[in-house]
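Note that the numbering runs from 1 along the sequence shown for the chain. Heavy atoms only: backbone and side chains are in, while hydrogens, waters and symmetry mates are out.
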Amino acid sequence: MEVIFSNEDLAMEILSRLSAKNLLRCKCVSKRWMSLISDPSFVRIHHQRSRCISGLLVQEFEEYGGNFFASDYFLYASVNGELSIFKLMDESFPQPSSVIMASCDGLICYRSRRTRDVEVLDIVVWNPMTQERLTLRPTVCHVGTIFGLAFYPFGSSAKMVPCFKVVSIQRPKHDQNSYSFVIYSSETGKWKTSLEVCHCKDELHENKHIYVNGRFYWLTSNQNIITFEVDEELSGVITVPGSKWLDGGARLACLGDSDGYLHYVCIDMSELRVWMLTDPCKPIWVLKHCINIDQFGEESRDHYIHRVRHSPEMIGDSFVVDAQTFHDEVVYLSIRGRLCSYDFKTGRLRFFFNGLYLRHMTKVQATVLPYTPTLATIGIPWLKQNSGSAISFASTSFNYQGRPRKKLKTRKI
């Protein structure tokens with residue numbers, strides 16, 4: 001082993017193919033290994049090679065007055081079978097009164113639930129790899145309940161220091177026909193209200209948004225997409241391809257990314273279609289995949305077509321096949337409530353959690369987010385924030401019904 005790793009190039013080639021969790025253990029082997037794994041060039045190489053997700057963050061909840069119910073839960077569905085990440089998530093998920101908003105390159109953003117007594121929400125950026133939590137309270141600006149997260153592993157400025165931005169999208173109090181944006185930057189430690197205003201009357205879906213290659217995308221109830229370019233603070237509205245649904249396709253479409261391009265997945269009658277946005281400025285959509293859902297079982301197809309033909313209003317209906325998310329040529333679906341994945345590269349259909357069934361009759365569809373742990377999250381200067389922020393170090397564990405087993409501990413710095 002020592003002979004092999006005496007060659008630094010060979011050692012970097014081998015170690016860069018390990019998972020981020022295993023590399024954290026490898027740093028304890030020797031000072032030489034610690035120096036190699038901590039080197040920025042190694043972190044960059046590992047980041048480029050660790051684009052495959054390790055699992056899915058799954059949450060179902062009913063939000064009414066801040067209450068949570070026995071059927072609410074957080075779950076981590078392992079994709080690559082790595083038990084260490086599964087155990088890490090199982091032991092440290094946020095408290096059940098929280099709502100997961102976004103995941104970006106190893107960081108997770110969640111918020112507190114709405115109540116009649118609490119006017120200002122707590123927005124938390126969580127680093128599962130180090131168990132650090134940064135709690136943000138935007139007291140000087142108006143924010144909504146939908147937040148996006150953009151993580152820059154190698155910096156967004158000349159400093160080249162890892163940083164992140166949280167973006168809130170909401171309707172201005174004086175105008176219900178447009179959207180405004182509020183941005184938090186970890187570089188400044190402050191919130192600011194953007195001067196940009198996007199004119200759109202559509203309602204946003206609670207959990208159908210994504211950050212891809214410098215832009216946020218929010219899917220609307222009228223099958224449009226609101227975009228926001230973070231650095232330039234420019235917004236726009238993009239019409240999605242395909243036919244219109246009577247209920248806006250709330251449970252039949254989702255957003256995803258592959259190779260840095262936005263993808264739009266929709267179920268149109270008996271077909272599942274994947275469109276790729278080749279140019280967000282024009283925009284130009286290209287049909288990338290199209291398959292019949294009968295590949296998922298004759299019962300699913302026939303039951304689905306029957307509902308489409310005999311339920312013209314289709315509001316609140318329980319569809320058999322729902323699109324949840326898309327990442328790296330894999331679409332994640334729920335078939336008759338069971339979470340599964342379909343890989344377009346291999347044509348393989350895989351089911352998760354034999355005992356888990358996603359509910360369909362809820363107002364908000366289940367949140368399903370890809371999670372990718374990276375070494376780049378280790379270098380974030382968490383403690384160099386404004387004094388009004390709180391970092392929470394927690395060890396909270398949940399069973400499959402979402403009930404906490406340990407009390408959340410918070411320490412303010």
Side-chain angles (χ1 to χ4, degrees), residues 48 51-53 56-57 101-105 107 109 146-153 156 164-167 169 179 181 196 198 200 202 204-245 248-268 272-291 322-333 341-345 365 367-372:
Q48 295 172 349
R51 305 308 299 163
C52 296
I53 66 174
L56 301 172
L57 302 170
M101 288 278 97
S103 174
C104 184
D105 280 338
L107 295 186
C109 177
I146 300 177
F147 298 87
L149 174 66
F151 176 39
Y152 303 86
S156 62
F164 63 86
K165 293 182 180 180
V166 176
V167 175
I169 180 173
Y179 285 93
F181 307 91
E196 180 70 7
C198 181
C200 182
D202 301 349
L204 296 179
H205 291 306
E206 181 88 6
N207 50 13
K208 290 182 178 289
H209 55 268
I210 194 172
Y211 172 77
V212 181
N213 201 20
R215 290 175 180 266
F216 284 100
Y217 300 90
W218 291 274
L219 187 62
T220 75
S221 58
N222 197 32
Q223 290 180 273
N224 291 314
I225 297 176
I226 294 179
T227 71
F228 182 71
E229 206 282 332
V230 185
D231 293 336
E232 299 296 330
E233 297 184 23
L234 298 176
S235 64
V237 179
I238 300 175
T239 301
V240 301
S243 58
K244 293 284 185 178
W245 287 86
R251 304 182 187 278
L252 301 174
C254 67
L255 302 177
D257 77 287
S258 183
D259 296 325
Y261 290 94
L262 175 71
H263 286 66
Y264 170 73
V265 182
C266 63
I267 300 175
D268 191 353
L272 186 148
R273 300 176 182 176
V274 179
W275 299 80
M276 181 177 70
L277 184 65
T278 58
D279 189 344
C281 298
K282 292 186 178 178
I284 300 176
W285 292 97
V286 174
L287 182 60
K288 195 172 183 179
H289 302 292
C290 182
I291 61 174
D322 294 346
Q324 301 292 343
T325 189
F326 179 87
H327 181 82
D328 193 23
E329 303 306 309
V330 178
V331 60
Y332 297 90
L333 309 161
S341 65
Y342 179 80
D343 192 331
F344 285 97
K345 296 178 181 178
Q365 190 182 7
T367 298
V368 181
L369 298 175
Y371 175 72
T372 305

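Rounding to the nearest 0.5 Å places CG of L219 at 13.5 Å from CD of E206. One finds the SG atom of C200 at 11.0 Å from the CD1 atom of I225 (value rounded to the nearest 0.5 Å). One finds the CG atom of L204 at 8.0 Å from the OG atom of S221 (value rounded to the nearest 0.5 Å). The CG atom of D279 sits 5.5 Å away from the CD1 atom of I284 when rounded to the nearest 0.5 Å. Residue F228 holds its CZ atom at 8.0 Å from CG of L234, rounded to the nearest 0.5 Å. Interatomic distance, CD1 of I210 versus CG of L255, reported as 6.5 Å (0.5 Å rounding).
Of the possible polar contacts, none joining the H327 side chain to the L369 backbone as a donor-acceptor pair under 3.5 Å is found. At distances below 3.5 Å, at least one donor-acceptor pair connects side-chain atoms of D343 with backbone N or O atoms of K345.
Here the shortest heavy-atom pairing between Q324 and C254 reads O-CB, 3.4 Å. Across all their heavy atoms, Y332 and L56 have their closest contact at CD2-CD1, 3.5 Å. Residues S235 and E196 share a closest heavy-atom pair of OG-OE2, 2.7 Å. Listed here is the closest heavy atom pair of G256 and V212: O-CG2, 4.5 Å. Scanning all heavy atoms of the two residues, the minimum distance from P283 to L277 falls at CB-CD1, 3.4 Å. Between Q223 and V240, the shortest heavy-atom contact is O-CG2, 2.9 Å.
Residues passing the ring pair (Phe, Tyr, Trp, His ring centres under 6.0 Å) test with F216, sequence neighbours excluded: Y211, W218. With sequence neighbours left out, the ring pair (Phe, Tyr, Trp, His ring centres under 6.0 Å) criterion links Y261 to no other residue.
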Passes side-chain contact (heavy atoms from CB on, under 4.5 Å), V265 versus L272? Steps please.
-> CA-CA 7 Å; V265 182; L272 186 148; 4.0 Å; yes

Verify side-chain contact (heavy atoms from CB on, under 4.5 Å) between I238 and Y264, making sure each step is shown before the conclusion.
-> CA-CA 12 Å; I238 300 175; Y264 170 73; over 6 Å; no

Steps toward side-chain contact (heavy atoms from CB on, under 4.5 Å) verdict (V331, L333) = CA-CA 6 Å; V331 60; L333 309 161; 3.7 Å; yes

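Results of the side-chain contact (heavy atoms from CB on, under 4.5 Å) test with F326 over S341, P370, S258 single out S258 as the only residue that passes. Among M276, H263, E329, R273, the one residue that satisfies the side-chain contact (heavy atoms from CB on, under 4.5 Å) test with H289 is E329.
Side-chain contact between I226 and T220 is present, with at least one heavy-atom pair separated by less than 4.5 Å. Within the 4.5 Å cutoff, no side-chain heavy atoms of F164 are placed close to those of C109. Counting heavy atoms from C-beta outward, L262 and P280 have side chains that stay 4.5 Å or more apart.
Between F181 and Y179, the ring center distance fails the sub-6.0 Å criterion.
A salt bridge is defined here as a Lys NZ or Arg NE, NH1 or NH2 lying under 4.0 Å from an Asp or Glu carboxylate O, and D231 with K165 meets this definition.
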